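Just so we're clear, the structure is a prediction, and the values are computed from it rather than from any experiment. Positions are given from 1, in the same order as the sequence printed here.
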Amino acid sequence: MSIMILRAPFTLPRWRQHSLMAVGIVTLPLMLVFAAAVGDMPVSYTNAGKAILNGLGLGSYVLPQVEEGIVWQYRMSRALMAACSGGGLALCGLVMQAILRNPLAEPYLLGISSGASLGAVCVMLLGIGGSTLGISGGAFIGACCAFGLIMLITHGMTDSPPRILLAGIAGTQLFNALTAYIVSTSANAEQSRSVMFWLLGSLSGVRWPDAILALAVVLAGFMVIFAFSRALDTFTFGDEVSTTLGVPVTLVRIILLLTCALVTAVMVSIIGAVGFIGLVIPLVTRMLCGPGHRRSIPLTFLIGSHFMILADVVSRTLITHQVLPIGVVTALVGAPAFVVLLYRSREKTYEPFIKRIAGHLPVPQRVEQHQSATGGG
């Protein structure tokens, strides 16, 4: 049996992986303070930290009202949303690549992004739902409908990974076509500009209720995904090996895909479609950690969060008095990075890794029995 995955030529020793995770955990709050201090109206890091402590109820510092309002009400909620969306989308990309055994899989593969875009466009241009539903509500309903369609096509996600992949591609093209039709027939120039800005991803409209919702969803998704880290290791080698090791393949796949769908739908409904996070970050993590998921899951979340916070800062500061769609920044960085990763990677068989994985699973003897029965080595 041959398992083809991207080569990991820069895999770090285990102690360095743990050190990298520790550094990421320590620097994440510092990154949030940095993002809250930087902008068109500069705020000192000391005042930004005090404003955050005041907002958390951990301090009662006297600060200029304008500075405190900008830091806590605008920048901090935006920075937290960036961290949640970056980490969540990166995690979903990692899971999709493992389940579908395809390094090019990403969270938007199940048509969730295109469905959310269609829902948002229906609210913005057709007035469906009006002020009651809102753009985020319409986007979330559209994402759920898109995922429901893919579930229907793939018989509840019980089909093989290639069929799920093809169904996702078909659904994505369908919803993209419907979105393009509505925009071209119902929008004027100003509306088209607003739609385009949302489709490219934007954190401008994020407020604390959005950030808190995203935080709750991402933390829940992280716990579910981490609980199935060993199962994700076995998915790397196909459904037969996973079944042999006692993993309920269909049930685990449905749970993980539903988790990814929920996380992605919430993120896209709030900030729009932000590309390359769920595609590039998991590839970088695998190059640093190797194929195992117990360490790559938290590291993927941390790298995705840091990257998205930096992208948000760049989008706010690159052009004076103008905010770029964050999807533009992630694409400008992610596309060249993806090309470099493809150029420096080549396919390689990782047969010995089966025995390393089996050594940490409940029934390691079954792997050798399976290989003997199938003639694999």
Side-chain angles (χ1 to χ4, degrees), residues 81-82 84-85 88-89 92-93 96 106-154 156-157 164 167-207 209-214 216-218 221 257-278 325-328 330-331:
M81 185 67 222
C84 293
S85 58
L89 292 175
C92 292
M96 295 290 292
E106 61 170 348
Y108 303 147
L109 191 63
L110 298 178
I112 297 172
S113 172
S114 56
S117 300
L118 177 61
V121 166
C122 287
V123 173
M124 285 189 283
L125 300 184
L126 302 183
I128 298 177
S131 58
T132 303
L133 190 60
I135 296 176
S136 296
F140 183 76
I141 292 176
C144 292
C145 291
F147 184 71
L149 177 62
I150 304 303
M151 287 278 289
L152 182 64
I153 294 174
T154 59
M157 293 296 173
I164 296 175
I169 294 174
T172 298
Q173 295 302 316
L174 171 64
F175 286 108
N176 282 340
L178 292 174
T179 301
Y181 174 79
I182 293 174
V183 171
S184 61
T185 57
S186 304
N188 55 37
E190 184 62 27
Q191 288 175 326
S192 297
R193 184 179 182 278
S194 300
V195 169
M196 184 60 64
F197 194 86
W198 189 90
L199 292 178
L200 291 174
S202 172
L203 291 166
S204 298
V206 172
R207 295 298 179 262
D210 301 321
I212 292 173
L213 173 63
V217 171
V218 166
L257 288 178
L258 283 174
T259 301
C260 291
L262 176 62
V263 172
T264 305
V266 171
M267 299 307 149
V268 173
S269 67
I270 296 174
I271 67 171
V274 181
F276 284 98
I277 297 289
I326 195 168
V328 173
T330 58

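Annotation for Gly278 and Pro107: closest pair CA-CD, 3.6 Å, computed over non-hydrogen atoms. Closest heavy-atom contact between Val263 and Val218: CG1-CG2, 4.5 Å. When every heavy atom of Val268 is checked against every heavy atom of Ala116, the shortest pair comes out as CG1-CB, 3.3 Å. Taking all atoms of both residues into account, the shortest heavy-atom contact from Gly275 to Thr330 is O-OG1, 3.2 Å. Taking all atoms of both residues into account, the shortest heavy-atom contact from Ser114 to Gly171 is OG-O, 4.1 Å. Closest approach of Asp210 and Met81 over heavy atoms only: O-SD, 4.0 Å.
Between atom CD1 of residue Ile270 and atom CG of residue Leu213 there is a gap of 5.0 Å, rounded to the nearest 0.5 Å. Here the CG atom belonging to Leu178 is positioned 11.5 Å from the OG atom belonging to Ser117, to the nearest 0.5 angstrom. Note: Ser113 OG to Asn176 CG = 7.5 Å, rounded to the nearest 0.5 Å. One distance of note links OG1 of Thr179 with CG of Leu174; it measures 9.0 Å at 0.5 Å rounding. With rounding to the nearest 0.5 Å, the separation of CG in Leu125 from OG1 in Thr185 is 8.5 Å. To the nearest 0.5 Å, atoms CD1 (Ile112) and CZ (Phe175) are separated by 11.0 Å.
In this structure a side-chain-to-backbone donor-acceptor pair under 3.5 Å is missing from Thr264 to Ala261.
Contact annotation: the side chain of Glu106 never approaches that of Ile277 to less than 4.5 Å [non-hydrogen atoms, C-beta and beyond].
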Do any side-chain atoms of residues 137-152 form donor-acceptor pairs under 3.5 angstrom with protein atoms, and if so which ones, sequence neighbours left out?
none

### Task
Start with the C-alpha gap between Leu118 and Ile182, add the side-chain angles, then the distance that decides, and say whether side-chain contact (heavy atoms from CB on, under 4.5 Å) holds.
CA-CA 9 Å; Leu118 177 61; Ile182 293 174; 3.7 Å; yes
